[in-house]
There are 2 protein chains.
Amino acid sequence: MPNPFVQKLGRYASLSDEDTRLLESACRDTRRTAARRDLIREGDPPGPVFVMLEGWACRYKLMREGGRQVLALLMPGDFCDMHVAVLDEMDHSIGTLTPALYTEIPRERMETLIASSPALTRAFWIAQLVDEGVLRAWIVSMGRRDSTERLAHLMCELYIRARNVGLCIDGHCEMPLTQIVIADALGLTPVHVNRVLRKLKVAGAMELGRGTLHIRDVESLARIAGFDDNYLHRRLKLAA
Amino acid sequence: MPNPFVQKLGRYASLSDEDTRLLESACRDTRRTAARRDLIREGDPPGPVFVMLEGWACRYKLMREGGRQVLALLMPGDFCDMHVAVLDEMDHSIGTLTPALYTEIPRERMETLIASSPALTRAFWIAQLVDEGVLRAWIVSMGRRDSTERLAHLMCELYIRARNVGLCIDGHCEMPLTQIVIADALGLTPVHVNRVLRKLKVAGAMELGRGTLHIRDVESLARIAGFDDNYLHRRLKLAA
DNA sequence: CTGGCGCATTGACCTGGGTTATCGAAAAAT
DNA sequence: ATTTTTCGATAACCCAGGTCAATGCGCCAG
C-alpha cells in the first residue's frame with residue numbers, strides 16, 4: 001500500500017522519484033503503539049518529528065479542572081512540528097487515539113530532507129500552512145457556528161483529508177473517533193454530540209458509527225456546515 | 001523609538017548588529033493606512049509579508065450570514081505569513097483596527113533575510129511557532145473556558161505581548177480594541193463582553209476603557225483566566 | 001462464559017450567554 | 001458647528017447546550 005506521507009506531500013508539489021525515495025527511506029524505521037498512549041507530553045522538551053503512518057492521534061491540552069481540549073486530529077500522512085525543536089518545551093501533548101504505526105524523524109534528518117529538494121521544501125511549507133489554516137478554521141467553528149454546523153464542518157474536513165490520503169471509498173471512510181473525542185475537539189459535551197449525530201442522521205446527511213463515517217448526502221452536509229474548502233487549499237471535489 | 005519588529009525578534013534569538021541593521025533596512029519603506037482598511041482580502045493571491053510598526057490589525061474571516069470571527073490580533077512588531085506566497089489564495093483577510101504604519105517586505109527580500117543569518121532564521125521560526133501556539137490557545141479558550149475566563153485570558157495574553165514590545169508602563173497599556181472587536185475575537189456578543197468587563201472591573205481585576213487596559217490585580221486576573229504563559233515561550237514575569 | 005468498563009443513548013432540568021431594544025456619549029464626517 | 005455614525009451601557013426575555021442521572025450494549029480480560 002502507498003505511503004500516506006508521500007501521498008500527502010505529493011498533493012502539494014510534484015515530487016521526483018528521488019524525492020519519493022527520500023521520504024520513504026525516512027519512514028523506514030517505524031514504531032507501533034497502543035491506543036491512548038502519549039507520544040509526547042506538555043512540558044517535555046520537543047523531540048523528533050512524528051509522522052503518522054497508520055492509525056489516528058491528536059494534539060490536546062488538559063485543563064486544570066480535568067477537561068481536555070483536542071487541538072488537532074492527526075491521521076495517516078500527518079506529521080507534527082517541523083521546527084518545534086527550537087522551542088524549550090512542548091505547550092501541548094500528542095497522544096494516539098487508536099493503535100498506531102508511526103516514524104520518528106530526527107531533527108537533522110528532517111533538515112536534510114527539506115534542504116535536499118525545492119519540491120520537498122515547498123511541500124513541507126504548504127503542509128505547514130494548511131495545518132495553520134485548519135487551526136484557524138477550528139477557531140471560526142468554535143466562535144461562530146452552532147453545534148450542528150460545527151460537527152458537520154468537522155466531518156467535511158476530516159472526510160476530505162482522509163480522502164486525500166486514500167482512506168475513503170465512495171462516501172464512507174474509516175473514522176475511529178468516539179463521541180467523547182469529538183466532543184473534546186468541538187468544545188461540546190459527549191451528550192450533546194450524541195444529540196447532534198442523531199439529528200444529522202435523521203436529516204439524512206451523514207451517519208457515524210462503529211468507527212466508520214458514512215456520508216449520505218454530501219451537498220446537504222456541506223450546506224449545513226457552511227463548508228468552504230478553500231482553507232485546505234485544494235479544489236473541493238466531494239462528489240468525485 | 002525602537003523598532004518593535006527588531007524588539008520582538010530580538011527576544012527569540014540574540015541578533016548581531018548586522019542582523020538588526022538588516023531588519024531595520026527591510027522596514028525602511030513604510031506605509032500609512034486609516035483604521036478599518038483591509039491590507040489583503042480572503043480570495044486574494046498572497047502578496048508580500050506585512051510587518052506592523054504602529055497601530056493594530058487583525059486577521060479575520062467573514063461569515064455568510066454577516067458575522068465575523070477575528071483569528072488573530074496583530075500589534076506592532078507582529079508580521080504575517082512568512083511563507084504564504086506558496087499558496088494560491090488567502091483563506092482569510094487582514095485589516096487594520098486603528099490607523100497604522102506598516103512595511104511590506106517582498107517575498108524574495110524575506111527569503112534573503114532569513115537566509116542571511118542563523119539567528120534570524122531561528123528568530124523567524126520561533127515567532128512562527130509562537131503564533132501557532134497562540135492559535136491553539138485560542139482554541140482552548142473557545143472550547144473550554146467560559147466568557148469571563150476567556151476575556152481574562154485574552155487580556156493576559158495581549159498584556160504580555162504588548163509588554164514584550166515595550167507598549168506597557170506598569171500595569172497599563174494602550175489597547176485600542178472596541179468591545180465589538182473583542183466579541184468578534186472571543187466568539188461572544190458585544191452585549192455579553194460588556195457584562196463581563198463590568199464584572200472584571202467590579203472584581204478589581206482589570207479595567208478596559210478609552211483604548212487603554214489597566215491591570216488592577218495581575219494575580220487575580222491570571223487566576224481567573226487560568227493563565228499559563230508557556231505557550232508564549234517566555235518566562236511569565238507579569239509583576240515585573 | 002462472565003464480570004467489568006468504557007462508550008452510546010436518552011430524558012429531565014437548568015443556566016450562560018444570545019437576542020432585541022433603547023439611550024446617551026464619543027468620535028468621525030461634512 | 002452640526003449631523004451622522006459608532007460605541008458603550010443596561011434591561012427583559014429566551015434558548016442552545018450543559019448537567020445530572022439512569023440504562024443498555026459491546027468488548028476484552030480472566
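Excluded from the calculations below are hydrogen atoms, water molecules and symmetry mates; all remaining heavy atoms, backbone and side chain alike, are included. So that the names make sense, note that chain A is the first sequence line, chain B the second, and so on, each numbered from 1.
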| request: For B/R36 and for B/V191, locate the closest nucleotide of DNA chain D by heavy-atom distance; then report the residue assigned to the nucleotide nearer the 5' terminus. | output: B/R36

| Nucleotide C/dG16, atom P - distance to CG of B/L151 in whole Å | 17 Å

| request: Under 4.0 Å between any heavy atoms, over every strand shown, what does A/R195 touch: base, sugar-phosphate, or nothing? Just pick one. | output: base

| field | Distance, rounded to the nearest Å, where A/N194 contributes CG and C/dT10 contributes P | value | 6 Å

| task | Just call it for B/R210: base, sugar-phosphate, or nothing, with non-hydrogen atoms closer than 4.0 Å on any strand. | result | sugar-phosphate

| Heavy-atom neighbours of B/E104 CD exceed 12 at 6.0 Å | yes

| Hey, is the side chain of A/T189 poking within less than 4.0 Å of OP1 or OP2 on D/dG18, counting only N and O atoms? | yes

| For B/V165 and B/P76, which heavy atoms make the closest approach, and how far apart are they? | CG2-O, 3.6 Å

| query | Do the side chains of B/V130 and B/Y231 get nearer than 4.5 Å, heavy atoms only? | reply | no

| request: Output, in order, the C-alpha distance, side-chain angles, deciding distance and verdict of ring pair (Phe, Tyr, Trp, His ring centres under 6.0 Å) for B/F5 and B/F79. | output: CA-CA 8 Å; B/F5 187 38; B/F79 57 94; 5.6 Å; yes

| request: Among the candidates C/dT10, D/dG18, C/dG17, find the nucleotide nearest to the side-chain atoms of B/L188. | output: C/dG17

| Between D/dT10, D/dC7, D/dG18, which nucleotide has the shortest distance from any of its atoms to the side chain of B/I180? | D/dC7

| Looking for any heavy atom pair under 4.0 Å, which part of the strands does A/G187 touch: base, sugar-phosphate only, or nothing? | sugar-phosphate

